[in-house]
There are 2 protein chains.
Amino acid sequence: MKIEDEIKQSAFKNEYQKAYINLLFTSGYLQQAQAALFKPFSVTLPQYNILRILRGQHPKPATISLLIDRMLDKTSNASRIVDKLEAKELVTRKQCPADRRTVDVLITDKGLELLKQMDGMEGGKGIGITNLTEDEATQLNTLLDKIRD
Amino acid sequence: MKIEDEIKQSAFKNEYQKAYINLLFTSGYLQQAQAALFKPFSVTLPQYNILRILRGQHPKPATISLLIDRMLDKTSNASRIVDKLEAKELVTRKQCPADRRTVDVLITDKGLELLKQMDGMEGGKGIGITNLTEDEATQLNTLLDKIRD
DNA sequence: GTACATTAAATGTATGTACATATATTTGCA
DNA sequence: TGCAAATATATGTACATACATTTAATGTAC
């Protein structure tokens with residue numbers, strides 16, 4: 001659907017303003033769609049992202065710093081997201097003996113099992129991005145990279 | 001910058017997954033940039049969006065329902081955002097006599113004055129979207145609309 | 001005209017974001 | 001060695017999101 005109709009704003013100042021709003025809106029749209037897919041698993045998007053990073057490290061532990069470094073949103077609060085995951089027994093956290101400032105975060109078997117169940121719904125598959133052809137996806141990547149230059 | 005370098009993930013499964021992550025990441029990037037621009041004015045992005053809608057209506061009032069309808073993110077909580085704006089005296093809120101369930105929300109002179117000061121920084125001008133040519137912005141709009149089909 | 005459904009808005013709760021600050025530990029340098 | 005700076009994480013606060021529930025007013029069917 002055209003962005004004009006989605007937000008009921010008939011006119012934009014120019015293509016740039018329109019593209020800007022469109023980008024924010026589409027991102028929100030995809031995030032909501034994904035959150036809906038995740039709901040049955042009782043895991044939020046940021047929690048899922050942390051779990052994925054931990055699986056990537058497994059069986060090595062990750063520190064909170066490493067998680068922050070790899071997260072999409074650098075400014076979010078990894079400590080508290082790990083709190084939630086720990087409460088669900090999807091990760092463990094223990095002080096690292098080598099450097100007692102840092103904490104070793106490890107995904108549990110239960111966490112790995114959950115991710116296994118969720119595999120196949122990642123990457124927005126079937127949500128909307130696959131409405132594009134592969135060429136168009138490549139085009140989109142080029143445009144987005146240019147925006148962040 | 002290429003998305004691979006931004007999030008230190010070397011390989012994506014395919015162009016779709018990459019485009020998906022890229023879209024979410026770029027949206028976050030733009031929102032953070034805009035939040036930084038807004039900070040001196042002590043207004044958050046959703047608060048600003050509500051003010052813009054109210055200016056569009058001025059001098060007619062808007063109901064909360066109308067605000068929800070026009071907001072980019074439909075599921076957010078317009079009532080509480082209006083609370084914050086009311087506390088800053090940027091809007092007024094009073095029960096509508098015709099239908100006492102509804103509330104007339106009006107932008108104040110102070111609110112209009114604030115928007116006037118902020119005009120010119122909207123639409124991501126100078127933030128990144130203008131790294132594109134006008135043709136590229138049009139292309140981007142087409143791709144994004146297709147994602148939400 | 002009373003009862004029930006619908007609508008508009010507000011409120012409650014859990015989660016996350018953004019940013020400042022606190023606390024503990026380690027590092028580095030005089 | 002001793003002490004300040006840097007680092008790793010946690011915590012506090014304000015704001016927003018997501019979703020369920022509540023409250024009040026209106027509409028509708030009988």
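Chain letters run A, B, ... following the sequence lines, proteins first and then strands; every chain starts at 1.
Mapping Q47(A) and P97(A) onto DNA chain C via the closest heavy atom, the residue that lands nearer the 5' end is Q47(A). Toward the 5′ end of DNA chain C lies the nearest nucleotide of D104(B), the other residue of the pair P46(A) and D104(B) mapping further downstream. Mapped onto DNA chain D by nearest heavy atom, A98(B) and Q32(A) fall at different nucleotides, with Q32(A) at the one closer to the 5' end. Remark on DNA chain D: of its neighbouring residues K88(B) and N77(A), the 5'-side contact belongs to N77(A), judged by nearest-heavy-atom nucleotide.
If you take NZ of K84(A) and C1' of dT15(C), they are 6 Å apart, rounded to a whole angstrom. Rounded to an integer number of Å, the gap from CZ of R80(B) to P of dT15(C) is 16 Å. Here the P atom of nucleotide dT23(C) and the CD atom of Q95(A) are 17 Å apart, to the nearest Å.
Residue-level contact check: I81(A) touches the backbone only, with heavy atoms under 4.0 Å from sugar-phosphate atoms and none from bases. As judged by a 4.0 angstrom heavy-atom cut-off over every strand, D99(A) is placed among residues touching the sugar-phosphate backbone only. Across all strands, S79(B) comes closer than 4.0 Å to base atoms (heavy-atom distances).
In this structure, Y48(A) and L115(A) have side chains that are in contact, with non-hydrogen atoms separated by less than 4.5 Å. Within the 4.5 Å cutoff, the side chain of K94(A) has no heavy atoms near those of the V103(A) side chain. Side-chain contact between N49(B) and M71(B) is absent, with no heavy-atom pair separated by less than 4.5 Å. Put simply, the side chain of T102(A) reaches to within 4.5 Å of the side chain of D99(A), judged on heavy atoms. Residues L90(B) and I107(B) are not in side-chain contact: their nearest non-hydrogen atoms beyond the backbone lie 4.5 Å or more apart.
A sub-4.0 Å separation between OP1 or OP2 of dA10(C) and a side-chain N or O of R93(B) is present.
Judged by distance alone, the side chains of D149(A) and N131(B) never bring a donor and an acceptor atom under 3.5 Å apart. Between the side chains of E134(B) and T138(B), no donor N or O sits under 3.5 Å from an acceptor N or O.
You can see that DNA chain D meets the heavy atoms of chain A within a 4.0 Å-exclusive cut from dT7(D) to dA20(D), reading 5' to 3'.
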